[in-house]
Amino acid sequence: MYFIANWKMFGNLKSINSIKNVINLSTKLKYRKAKIIYCPPYTLLDQFVKKTIKTKIDIGAQDCHTHQNYGAFTGSINAKMIKNAGSKFIIIGHSENRNTGDTNKIINLKIKSSLNEKLKIIFCIGETLKEKKNKKTNQVINTQIKKGLKDIKKINNIIFAYEPVWSIGTDIIPELDDLRNQVKKIKFFIKKTYKVKNPLVLYGGSVNPKNILSLREISLINGFLIGAASQNSKKFIDIIKKTIN
Ligand code: 13P
């Protein structure tokens, strides 16, 4: 079961101390099934890596530049640098970045350069409210997957994160039956297209200590990508405990 903390553009040197209790939890036998990954902003990657080096917790970045090698791209960070900073994972295709210009083609390049660095990808997919209302959800998601993974044959280093855009930061989660069906469809599409047996699909969007009790009932879901609630260790721990218990 994956519990991935996406800190987005939050956090400073002080906030790293707040993960102490999460580290403690990760050492307990009962929670060994919980795969905890922190994705802090670039500025804190190194500190997070140092803080978690002797633990089972892994670190990931939230995005990267498309360019594989070093280059004159002011303000950018590539997958090579992220790997070098000690990250094992990377989030790619988050809707907040799709919103500011990441096309499926750009996402494809970012995934390829990250795979070349042997990073594990947390590949975000999901429809907007308008697309949902127009009954375009499946079409949108399948296109995001197909174009995002164009020319990529082996997808064993890719974890899918279904994040309906209208669920992110809104405190609204999908109807449970709808979510179960959607995850089922996504898994079916991945299995059929990439000939894999057990693709991992996480859910993300307003996951919190209250709604986790319903979300955990959907056994097809392999974990959660958590934004706001993951910045608060108490809430993050609560989510992990309620899922595993
Ligand atoms: P929230 O949990 O804050 O809705 O964010 C979800 C998300 O975007 C995780 O990537």
Side-chain angles (χ1 to χ4, degrees), residues 1-11 15 18-19 22 34-42 44-45 48 57-64 82 87-102 107 110-111 114 119-129 131-132 137 140-141 144-145 148 158-176 178-179 182-183 186 200-216 218 221-243:
M1 215 46 193
Y2 283 80
F3 297 90
I4 306 183
N6 176 8
W7 273 25
K8 307 191 179 186
M9 199 171 73
F10 292 94
S15 37
S18 73
I19 76 166
V22 179
K35 179 73 212 151
I36 301 169
I37 302 161
Y38 269 100
C39 300
Y42 294 132
L44 301 179
L45 276 180
F48 266 78
I57 296 178
D58 277 324
I59 303 303
Q62 299 171 14
D63 193 20
C64 67
I82 287 164
S87 290
K88 292 201 182 131
F89 287 81
I90 184 164
I91 297 172
I92 297 190
H94 196 283
S95 64
E96 283 149 16
N97 295 335
R98 290 183 188 264
N99 231 349
T100 51
D102 270 16
I107 288 165
K110 290 181 175 184
I111 292 179
S114 298
L119 289 167
K120 291 203 164 121
I121 320 282
I122 301 146
F123 177 24
C124 300
I125 49 176
E127 81 287 2
T128 62
L129 190 58
E131 288 159 349
K132 178 181 159 63
T137 301
V140 167
I141 290 176
Q144 287 174 340
I145 296 176
I158 297 178
I159 298 167
F160 297 82
Y162 172 52
E163 297 206 304
V165 180
W166 47 274
S167 268
I168 297 176
T170 56
D171 254 345
I172 300 168
I173 61 165
E175 296 288 334
L176 288 196
D178 290 349
L179 181 55
Q182 200 54 57
V183 173
I186 293 170
L200 296 175
V201 178
L202 318 182
Y203 168 76
S206 295
V207 177
N208 65 38
K210 275 194 194 135
N211 60 29
I212 193 66
L213 289 169
S214 325
L215 290 168
R216 58 169 267 188
I218 306 178
I221 294 177
N222 302 105
F224 301 97
L225 179 53
I226 307 159
S230 74
Q231 291 161 40
N232 176 321
S233 288
K234 209 166 160 288
K235 287 188 184 167
F236 194 38
I237 287 173
D238 212 8
I239 290 171
I240 298 169
K241 282 188 170 170
K242 283 178 174 160
T243 311

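Please read these numbers as outputs of a predicted model, since none were measured by experiment. In listed order, ligands and their atoms are each counted from 1.
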Taking atom 9 (C) of ligand 1 as the reference point, the nearest protein heavy atom with its distance: E163 OE2, 2.9 Å
Closest approach of any protein heavy atom to atom 3 (O) of ligand 1, naming residue and atom: A228 N, 2.9 Å
Atom 5 (O) of ligand 1 [closest protein heavy-atom partner, distance rounded to 0.1 Å]: K8 NZ, 3.1 Å
Nearest non-hydrogen partners of I91 and L225, listed with the distance: CD1-CD1, 4.2 Å
Interatomic distance, I57 atom CD1 to K35 atom NZ [nearest 0.5 angstrom]: 8.5 Å
contact_flag G169 ligand 1 heavy-atom lt 4.0 Å: yes
Ligand-side contact atoms (ligand 1) for residue partner L225, heavy atom cut-off under 4.0 Å: 9 (C), 10 (O)
Pairing residues for E127 by the side-chain hydrogen bond (donor to acceptor under 3.5 Å, both in side chains) criterion, not counting sequence neighbours: Y162, W166
Pairwise distance CD1(I212) to CD1(I226) - rounded to 0.5 angstrom: 6.5 Å
Heavy-atom nearest neighbour of atom 10 (O) of ligand 1 within options E96, Q231, H94: H94
Set of residues satisfying salt bridge (charged side-chain N to carboxylate O under 4.0 Å, His left out) with respect to K210, sequence neighbours excluded: none
Electrostatic pair D238:K242 at N-O distance under 4.0 angstrom: yes
Heavy atom of S206, distance to ligand 1 below 4.0 Å: yes
K8 atom NZ, over 12 foreign heavy atoms within 6.0 Å: yes
Heavy-atom nearest neighbour of atom 2 (O) of ligand 1 within options G227, S230, C39: G227
Structural part of N6 in contact with ligand 1, heavy atom criterion under 4.0 angstrom: side chain
